[in-house]
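Inspection log for the structure reproduced underneath, given as structure tokens.
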Amino acid sequence: MANVRFEHLTVRYSEHTVFSDFSLEVESGQILCLVGPSGCGKTTLVRALLGLNKPETGTITVGERVLFDAKRRVNVPAEKRNIGIVFQDYAVWPHMTVIENVSYPLKKQRRNKQEIRERAMKALEQVHMTEYANHLPSQLSGGQQQRVAIARALVTDSDVVVMDEPITNLDAKLREEMLLEIRMIQKRLGATILYITHDQQSALQLCDRMAIMRQDGSLCQCGTDEDIILRPADRFVFEFIGVSNFIPLCVEGGRTYLDCGEKIPFADLPAGVDARGKEMGVRLNDVVFDRQSPIEATVTSRVFLGSEYNYFLRLGQRDIRVQQSTLDARTFGMVAAGERVGIRFLNPRFYDGKGAMA
Ligand SMILES: Nc1ncnc2c1ncn2[C@@H]1O[C@H](COP(=O)(O)OP(=O)(O)OP(=O)(O)O)[C@@H](O)[C@H]1O
Ligand SMILES: [Mg+2]
């Protein structure tokens with residue numbers, strides 16, 4: 001397995017620039033999840049890696065091997081790139097048995113029969129599917145089919161495996177299982193995986209590192225899940241990972257207020273932050289009930305979700321959302337719709353009009 005480096009890549013479809021000067025590294029033996037809104041260019045990047053489109057500028061390197069270099073006119077053909085793929089709409093071939101599916105890439109490489117059989121069985125063993133070798137895909141569950149697709153991606157000893165939205169079509173429970181499965185297979189094999197998704201929850205569950213793309217194809221942050229959650233680079237990242245409240249601030253006569261249709265005095269501004277033109281972002285579970293707090297809101301609704309309560313509160317003329325664990329609910333006591341309740345904001349972040357951190 002090897003690392004993957006994209007450097008200064010530009011891909012255009014006639015007039016439309018999908019991304020330009022794009023750089024990213026997937027470290028060897030890690031899962032990097034590339035996350036971004038629909039249409040930002042994730043699949044375009046995958047296609048560039050696979051050799052299915054030709055970037056205008058930049059280089060793509062896997063380990064020591066240069067697959068693409070615009071300046072030096074290097075462009076290794078797709079079939080020689082040695083990259084495993086698992087696509088959402090490119091799962092398994094329905095007319096072939098499991099073993100035939102997994103053997104296919106080796107057949108294309110014209111390996112001898114015995115080697116094909118041995119390597120295909122080994123790949124099936126890695127995903128715990130040997131006993132299904134002679135089944136047809138229609139006789140397998142969605143998750144089992146996806147495991148076959150993973151075995152097929154691994155069978156040629158690929159340097160790297162790319163998974164582009166591989167589990168989007170599965171139901172929620174199966175998706176969860178597949179994420180665990182992919183993680184376990186990856187750990188067992190030490191594989192390098194570039195995993196593409198627009199679902200940040202699966203990315204958080206799966207990744208060693210996560211890269212977040214903006215709609216315009218630029219990369220806004222790359223880091224561990226902790227980096228991304230605790231130190232989001234800007235408002236876009238903060239908002240992309242989890243639901244949040246945003247409350248505008250204003251300053252009058254030297255005092256700071258929450259600007260919620262009516263002005264609510266706000267005394268907890270951290271030193272060094274100028275509130276003018278800023279808004280405050282707070283995660284749902286960082287709004288806490290506190291009877292001592294001078295900031296009061298009215299509960300408009302409460303929903304019990306098993307391990308937590310979801311509240312809607314009316315703060316001045318704004319609606320805000322709060323998540324409270326059942327444990328906190330027990331400590332604090334129940335708050336019912338219609339009640340006034342004091343609130344405090346933990347870990348607030350301050351953004352200017354352009355979404356940059358204050
Ligand atoms: N063959 C093509 N010709 C012209 N434009 C294309 C082509 N393929 C993709 N695009 C455009 O390039 C942009 C990026 O597309 P891409 O498929 O890479 O997005 P994505 O991030 O994978 O989105 P999704 O999450 O929906 O899969 C989109 O605006 C898309 O319309
Ligand atoms: Mg895509």
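One-based numbering, in listed order, for ligands and for the atoms of each. One-based numbering along the sequence shown. Because the structure is a prediction, the values reported are computed rather than measured.
- Comment: Asp290 engages Arg344 in a salt bridge, judged by a side-chain N to carboxylate O separation of less than 4.0 angstrom.
- The backbone N or O of Pro248 lies less than 3.5 Å from no partner atom in the side chain of Asp259, so there is not a single donor-acceptor pair.
- Residue Thr44 touches ligand 1 through backbone and side chain together, judged by heavy-atom distances below 4.0 Å.
- Here the protein heavy atom with the shortest distance to atom 25 (O) of ligand 1 is Lys42 NZ, 2.8 Å.
- Looking only at heavy atoms of the protein, atom 14 (C) of ligand 1 is closest to Gly39 O, 3.3 Å.
- Distance check for atom 31 (O) of ligand 1: every protein heavy atom is found at 4.0 Å or beyond.
- Ile343 pairs with exactly one of Val282, Val288, Ile320 by the side-chain contact (heavy atoms from CB on, under 4.5 Å) rule, that one being Ile320.
- Residue contact check for ligand 1: Gly36 places no non-hydrogen atom closer than 4.0 Å to it.
- Counting only heavy atoms of the protein, atom 29 (O) of ligand 1 lies nearest to His16 NE2, 3.4 Å.
- Each of Glu64, Glu27, Gln30, Glu25 was compared with Asn3 under the side chain to side chain donor-acceptor pair (under 3.5 Å) criterion, and only Glu25 meets it.
- Every atom of ligand 1 is numbered from 1 in the order shown, and the set under 4.0 Å from a heavy atom of His198 is 25 (O).
- Of all protein heavy atoms, the one closest to atom 5 (N) of ligand 1 is Tyr13 CD1, 3.2 Å.
- Considering both main-chain and side-chain atoms, Val18 never comes within under 3.5 Å of ligand 1 through any nitrogen or oxygen pair.
- Arg314 and Thr298 form no side-chain donor-acceptor contact under 3.5 Å, judged by distance and modelled atom types alone.
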Notebook entry, point to check: Do Thr97 and His135 pass the side chain to side chain contact (heavy atoms under 4.5 Å, CB included) test, and can you show the C-alpha distance, the side-chain angles, and the key distance before you say yes or no?
Noted result: CA-CA 5 Å; Thr97 63; His135 284 55; over 6 Å; no
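- Within the coordination shell of the Mg ion (ligand 2), defined by N, O or S atoms under 2.8 Å, Thr43 is present.
- In this structure, atom 27 (O) of ligand 1 lies nearest to the protein heavy atom Thr43 OG1, 3.9 Å.
- The distance from the CG atom of Asn347 to the CG atom of Asp286 is 4.5 Å, given to the nearest 0.5 Å.
- Taking atom 26 (O) of ligand 1 as the reference point, the nearest protein heavy-atom neighbour is Ser38 OG, 2.5 Å.
- Taking the ring centroids of Phe266 and Tyr257, they lie at or beyond the 6.0 Å cut-off.
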